[in-house]
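Notes to accompany the following structure.
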Number of protein chains: 2
Amino acid sequence: MTTRGRGLHGHVLETLGPAIAAGEYPPGSVLRTDELAQRFEVSRSVMREAVRVLESMHLVESRRRVGVTVLAKSEWNVYDPQVIRWRLAGADRPHQLRSLTVLRSAVEPIAAGLAARHATAEQCAELTECALGMVATSRGHQLEAYLVHDVAFHRVILNASGNEMFARLGDVVAEVLAGRTHHEVMFEDPDPAAVTLHVQVAEAVREGDAARAEELTREITVGALQELDILAP
Amino acid sequence: MTTRGRGLHGHVLETLGPAIAAGEYPPGSVLRTDELAQRFEVSRSVMREAVRVLESMHLVESRRRVGVTVLAKSEWNVYDPQVIRWRLAGADRPHQLRSLTVLRSAVEPIAAGLAARHATAEQCAELTECALGMVATSRGHQLEAYLVHDVAFHRVILNASGNEMFARLGDVVAEVLAGRTHHEVMFEDPDPAAVTLHVQVAEAVREGDAARAEELTREITVGALQELDILAP
DNA sequence: GTGACATATAAGTCTGACTTTTTGTTCACA
DNA sequence: TGTGAACAAAAAGTCAGACTTATATGTCAC
């Protein structure tokens with residue numbers, strides 16, 4: 001699925017990246033390019049390219065006479081989709097999933113409000129279609145099919161907001177929703193109330209009712225927070 | 001300030017990156033590594049490292065027998081701090097500033113609410129200090145000094161939220177605030193009402209009043225939206 | 001027009017030699 | 001004993017050149 005492994009340098013990244021993201025090398029650890037090149041059985045040039053990419057993600061820092069130093073987590077480019085994927089693949093997964101869910105809860109209501117203002121007729125149609133798809137697959141253990149429509153729904157909202165920063169969070173939301181279905185508690189059919197909320201959001205967007213779209217989406221994200229026991233008492 | 005230019009490859013990036021981010025090469029444009037290496041008077045290895053970094057930002061895609069293709073803006077990693085800086089430095093600046101301000105308006109109120117719950121005593125003290133600094137410099141054309149305190153204030157809020165995704169938006173907010181002071185309308189002293197709001201947010205966080213901190217911060221961000229004529233009628 | 005094949009092209013890879021920066025040590029001198 | 005300047009070693013940085021591989025495109029037979 002995510003195994004693109006474009007070229008040798010890509011293969012190195014897919015091994016070293018997750019390892020660093022999982023915290024296998026504590027901050028301050030020092031690696032040497034030559035040694036890494038030997039370990040991965042690639043030439044120094046290939047290894048250097050991989051290190052450059054890790055450096056651009058602020059996962060490591062390369063300094064002369066010292067080596068390649070692993071940086072503290074607080075330095076990482078945590079919005080880099082690849083970093084997010086690497087972290088979700090490792091031991092940090094639960095923590096990462098919580099952070100992302102909180103981010104979602106901040107962004108999506110505002111995005112829905114904007115979508116109600118800016119959505120095109122086509123986007124409104126897509127949204128309704130997604131919502132109907134969710135209703136149709138909400139019973140009878142069709143969790144995978146339901147997930148597809150759920151992800152599509154939220155993607156349309158984020159895109160329709162007209163804000164490029166929101167639009168680029170589509171992958172993040174997809175990852176969170178998939179995580180919930182595949183790894184977290186989600187044995188039974190989805191909550192009927194949540195399904196209804198999605199239908200109502202689609203309605204509100206179609207009617208251009210920004211305030212209602214925002215409020216309804218807030219209810220959806222509050223539900224997501226509660227599922228992870230992130231309370232708001 | 002931002003001119004780190006670490007190594008030759010860094011110098012290449014600082015020229016090529018902004019050019020691409022500014023849209024000088026339309027999506028689909030094809031560059032050749034050898035040609036670029038000649039143009040920048042560096043070896044192919046150095047050029048390749050630079051291309052790899054641009055590729056990790058999804059600004060370009062490198063394919064055999066084709067070359068280095070510039071990707072559509074919708075593919076870019078718009079949360080990469082370097083990409084944000086490059087775009088802010090170019091013709092895209094106004095558009096970028098608007099996107100980021102909308103993002104701010106979504107995130108900061110939620111972050112303030114969380115800060116009210118999670119802030120340490122030290123963070124509360126810092127916050128109060130920042131707010132007082134803002135008050136002290138809010139009159140008499142001390143715009144630069146005011147900006148320093150303003151940026152610090154919002155950084156503390158984002159950090160105190162305890163959410164790493166929010167915390168990493170500190171640079172973004174700093175950039176937006178600096179942009180407003182340096183390039184946009186900001187000839188006179190800051191709005192006294194805004195200053196008061198910051199003081200009140202500090203209060204609310206200190207008292208652990210999440211709902212009030214959130215609401216007051218929302219008022220601040222709504223003000224920022226209005227300054228850019230992003231209405232909410 | 002369709003499909004198999006050949007060819008040219010540009011990225012990808014490897015190697016080895018050389019340069020540059022920086023750290024840490026050593027040694028002289030106050 | 002402490003200070004500092006010179007020195008040596010280590011690791012990244014840079015370069016040039018030869019070679020490999022994938023692939024877009026054109027060619028030809030059918």
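Here is the naming used below: chain letters follow the sequence lines, and residue numbers restart at 1 for every chain.
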query = Mapping L8(A) and R63(A) to their closest nucleotides on DNA chain C, which lands nearer the 5' end?
reply = L8(A)

inquiry  = For a quick check, tell me whether the side chain of R64(B) and the base of dT23(D) share a donor-acceptor pair closer than 3.5 Å.
reply    = no

ask   = What is the distance from CD of E35(A) to P of dA10(D), rounded to the nearest Å?
value = 15 Å

message = Distance check needed: dA12(D) P versus Q38(A) CD, whole Å only.
response = 12 Å

ask   = Can you tell me how far C1' of dT23(D) sits from CZ of R6(A), to the nearest Å?
value = 13 Å

request  = Return the residues of residues 41-51 of chain B meeting this criterion: a heavy atom under 4.0 Å from some atom of DNA chain C. Order them by number, or give none.
outcome  = R44(B), R48(B)

message = For E108(B) and T217(B), which I'm curious about, is there any donor-acceptor pair between the side chains at under 3.5 Å?
response = no

query = Which is the 5'-most and which the 3'-most nucleotide of DNA chain C that has an atom under 4.0 Å from a heavy atom of chain B?
reply = dA8(C) to dT13(C)

ask   = Okay, side chain of N77(A), backbone of D80(A): is any donor-acceptor separation there less than 3.5 Å?
value = no

task = Examine distances only and state if a side-chain atom of R155(A) and a backbone atom of V173(A) form a donor-acceptor pair shorter than 3.5 Å.
result = no

query = Between dA9(D) atom C1' and D34(A) atom CG, what is the distance in whole Å?
reply = 15 Å

message = When you measure from the side chain of D92(B) to the backbone of A22(B), do you find a donor-acceptor pair of N or O atoms at a distance under 3.5 Å?
response = no

request  = Please examine the side chains of R52(B) and E55(B), heavy atoms only from C-beta on, and report whether any two atoms are closer than 4.5 Å.
outcome  = yes

Side-chain (R168(B)) to main-chain (S74(A)) donor-acceptor, under 3.5 angstrom = yes

ask   = Within the side chain of R104(B), is there an N or O that forms a donor-acceptor pair under 3.5 Å with the backbone of T221(B)?
value = no

query = Do the side chains of Y79(A) and L103(A) get nearer than 4.5 Å, heavy atoms only?
reply = yes

note = Note: for V66(A) and R65(B) on DNA chain C, the residue whose nearest nucleotide lies more 5' is R65(B)

